[in-house]
Each structure stands twice: as structure tokens, then as C-alpha cells.
Amino acid sequence: MERRWQLGYEHWRLRCEKFKELEENQTSPISTRIAGGELATRGMFPHQVALVIQQSGGALIQCGGSLITTQYILTAAHCLGDAIGARIYSGATRFADTEDAAEEFVVSHRDFEIYPGYLGFGGYNDLALIRLPRKALTSDRVRPIELAGEFMSQKFLDSQPVTLTGWGSLGDSPDADAPREDTPLLHFLDVEVLDQERCLCYFLPGLVSQRRHLCTDGKYNRGACNGDSGGPLVFQWRNVSYLIGVTSFGSAGGCELGAPTVYARITAYLPWIRQQTNDQLNAINA
């Protein structure tokens, strides 16, 4: 086993030799916030929802999610680790603001469906569904988003402009002990889909999967960060918005290092999503 790992590492090292200047950014993936984004306006991203998740120890964590049917939210599996319940806010631009939201939902762990291949840590198979207790009321502020089509392959998406959204921190604190810069307002960021090989070489071998992950370029020190986990990555094609990724991880060193943001690739999980949502997607997309 050790010999096989060594051979795999050597293959990765040789493959990534041409990206030597990126080695300093090859760190463990734990950070996920939007840096360098712009303020969203009401109704601009009607699929975006805010999640306040309660863990068994009593702590509250912040994540994002996407309304994919009137009764299902898609988010990251790591957001629901050790979770016993959550409050969900739709149609809001202010995070977890009952007065600003179109609706507020309360769910328990029984409403969570974590992808069965998720290991409980890391960014592999980092996907989960939340079933709402009732159907969301659609409006100009609240509307399910279409899921990526099977044809939206890496080759199709390479270098294409895409948009990520969230309520996460706006940048790295200059002082490691200082509190991060949080914002209650929804921000968005237009970035480009990154070449898969380049993304693989930013991180240690095995952290990024060609089939199950999608990456966006972190140039100009912009990307997703803490608090943006589970949020949507959206591709606009023929005047329709498509959910192509769910925010999973970035560089542990911070969100302003130029490192990529890594997402769970929607097309890799379409059969599971359709099965779990009882084909509600077919009715929406008809």
C-alpha cells in the first residue's frame, strides 16, 4: 500500500512540475468565504437560501444552499455534520433575517439526506439534500434553479464565466487572532471555471477529483471562503441559470491567496439527486 502511494505521489509531482510556482498554495482545504465580491440586489438570486445549522453541542454554523425544487435544498454535506436541526431563510439578501426573508423554515436532522459516499470529512462527495416541511412559495424573490445538464462537461465549461454567491467573510484578517470580517448582506462574484489539471496541482494529491469536482480560478485574490459553504455556483447559458456546483473547499491558507475554490460537480450526482427528490425535478423542468 505504501509503495503504491509513493508511486502515485511521484506521478502527481511530475505531472504538476509545470505548475511549480503554485506549490506554496498546496495546503489542506478548509476555508470557504467570498472575497472581492459585489452586493446582490433583491431577487437577483432567487434560488439562494441561508442556513443556520444547530450542532449537537449547541454551536450554530452558517452555510448557504440552493432551492432546486419547491421542497428541496441542495447544500454541502460538511455543513450538516453533527447537525440536529436548522433554520432556512428564502428570498433574503440579509443573512438569517426573518423580516427580510420571504419565508423561514425549521427542519430537523430527519429532513437531512447526506450523499452516501460522503466520509464525514474532507471534500469528497460533499453533497446533501434538505427536505422542507412544506413547499416554498415561489415569487420574483424565490424560485428553484435548473440543474446542470449532462452536456455541461469540463471541456464545455473551461474558462467560462460563472457566478458564486454567499454571506461569508469578505477577506482574510491581517491579524490571525483578529475576528474575521463578516457581513449580513448577500454578495456575488463572477469568476472563471479553471482548467482541471491546474486545479489538481494546487492541492495535495487525492484532494481534487476530476470527475466529482469543479474548480474556479482564484486570480486577483477572489474566491469563496468561510460561511459560503454549500452555496451555489451558477452558469448562465441561453438566458437560463444552471446550478453547476456546490461550494466545498478552498485553501487553508486563506481566501486571498489566489488559490482555486473547489465545488461538488452537479453532473456527477444527477441520478442520486433525482432519485432523492422523487422526480420533482422532472416536473419543474418539463
Side-chain angles (χ1 to χ4, degrees), residues 43-51 63-80 88 90-91 105 111-118 123-132 135-136 138-139 141-158 160-166 188 190-193 196 209-216 224 228-248 261-286:
M44 193 173 184
F45 303 102
H47 53 274
Q48 175 86 50
V49 298
L51 308 178
C63 278
S66 302
L67 188 69
I68 60 168
T69 78
T70 53
Q71 205 160 2
Y72 280 93
I73 303 296
L74 194 60
T75 187
H78 77 262
C79 288
L80 303 182
I88 301 173
S90 66
F105 302 88
D111 301 305
F112 302 158
E113 191 65 45
I114 294 175
Y115 186 77
Y118 180 61
Y124 194 73
N125 294 326
D126 192 8
L127 206 69
L129 284 162
I130 301 174
R131 180 182 171 87
L132 299 177
K135 291 185 177 181
T138 59
S139 65
R141 295 167 56 187
V142 179
R143 187 170 62 252
I145 188 170
E146 298 272 358
L147 294 184
E150 298 278 6
F151 66 92
M152 293 182 181
S153 63
Q154 180 67 36
K155 185 176 181 180
F156 182 88
L157 293 171
D158 265 343
Q160 290 293 329
V162 291
T163 303
L164 64 105
T165 50
F188 71 96
D190 294 326
V191 287
E192 291 183 359
V193 173
Q196 196 75 346
S209 162
Q210 283 188 309
R211 190 173 83 83
R212 296 182 180 273
H213 285 137
L214 183 70
C215 304
T216 55
D228 291 323
S229 290
L233 181 70
V234 173
F235 175 54
Q236 192 83 9
W237 188 67
R238 295 185 176 178
N239 296 319
V240 176
S241 294
Y242 290 89
L243 181 67
I244 61 171
V246 170
T247 305
S248 183
T261 300
V262 184
Y263 310 80
R265 184 189 292 270
I266 294 298
T267 53
Y269 301 95
L270 284 175
W272 178 77
I273 296 170
R274 288 171 178 150
Q275 181 185 41
Q276 296 302 316
T277 56
N278 298 317
D279 294 325
Q280 286 190 30
L281 288 167
N282 294 336
I284 288 176
N285 298 336

Side-chain ([X]) to main-chain ([Y]) donor-acceptor, under 3.5 angstrom:
X      : Y      : value
Ser139 : Arg141 : yes
Asp126 : Ala77  : yes
Gln71  : Leu132 : yes

Do [X] and [Y] make a side-chain contact, defined as non-hydrogen atoms from C-beta onward lying under 4.5 Å apart?
X      : Y      : answer
Trp237 : Leu157 : no
Leu67  : Ile73  : yes
Leu51  : Ile130 : yes
Thr70  : Pro144 : yes
Thr247 : Leu233 : no
Leu214 : Val162 : no

ask   = Does Thr163 have any side-chain hydrogen bond (donor to acceptor under 3.5 Å, both in side chains) partners at least two apart in sequence or in another chain, and if so, which?
value =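 Thr163: side-chain hydrogen bond (donor to acceptor under 3.5 Å, both in side chains) contacts with Asp190.
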
key: For Thr216, all residues meeting side-chain hydrogen bond (donor to acceptor under 3.5 Å, both in side chains), sequence neighbours excluded   =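 In terms of side-chain hydrogen bond (donor to acceptor under 3.5 Å, both in side chains), with neighbours along the sequence ignored, Thr216 is linked to Tyr263.
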
Which heavy atom of [X] sits nearest a heavy atom of [Y], and at what distance?
X      : Y      : result
Ser209 : Tyr124 : CB-CE1, 4.0 Å
Phe156 : Met152 : CD2-CA, 3.9 Å
Gly64  : Gln48  : CA-NE2, 4.0 Å
Leu80  : Ala128 : CD1-CB, 3.7 Å
Ile266 : Ala148 : CG2-N, 4.1 Å
Asn125 : Gly117 : ND2-O, 3.0 Å

Would you give the length of the straight line joining atom [atom1] of [X] to atom [atom2] of [Y], rounded to the nearest 0.5 angstrom?
X      : Y      : atom1 : atom2 : result
Glu192 : Asp158 : CD    : CG    : 10.5 Å
Leu147 : Thr277 : CG    : OG1   : 8.0 Å
Thr267 : Arg211 : OG1   : CZ    : 8.5 Å
Thr69  : Gln276 : OG1   : CD    : 12.5 Å

inquiry  = Determine whether Leu129 and Tyr269 satisfy the following criterion, side chain to side chain contact (heavy atoms under 4.5 Å, CB included), listing intermediate values before the conclusion.
reply    = CA-CA 12 Å; Leu129 284 162; Tyr269 301 95; over 6 Å; no

key: Residue from Gln210, His213, Gln154 passing side chain to side chain donor-acceptor pair (under 3.5 Å) with Arg265   =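 Option passing the side chain to side chain donor-acceptor pair (under 3.5 Å) with Arg265: Gln154.
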
query = Any idea how Trp272 and Tyr115 line up, ring-wise: parallel (<30°), tilted (30 to 60°), or perpendicular (>60°)?
reply =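 Correct class here is perpendicular.
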
message = Any donor-acceptor pair under 3.5 Å linking the side-chain atoms of Ser241 with those of His47?
response =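 Not at all, the side chains of His47 and Ser241 share no donor-acceptor pair under 3.5 Å.
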
task = Would you please test Phe45 and Ile145 for side chain to side chain contact (heavy atoms under 4.5 Å, CB included) and show each step?
result = CA-CA 9 Å; Phe45 303 102; Ile145 188 170; over 6 Å; no

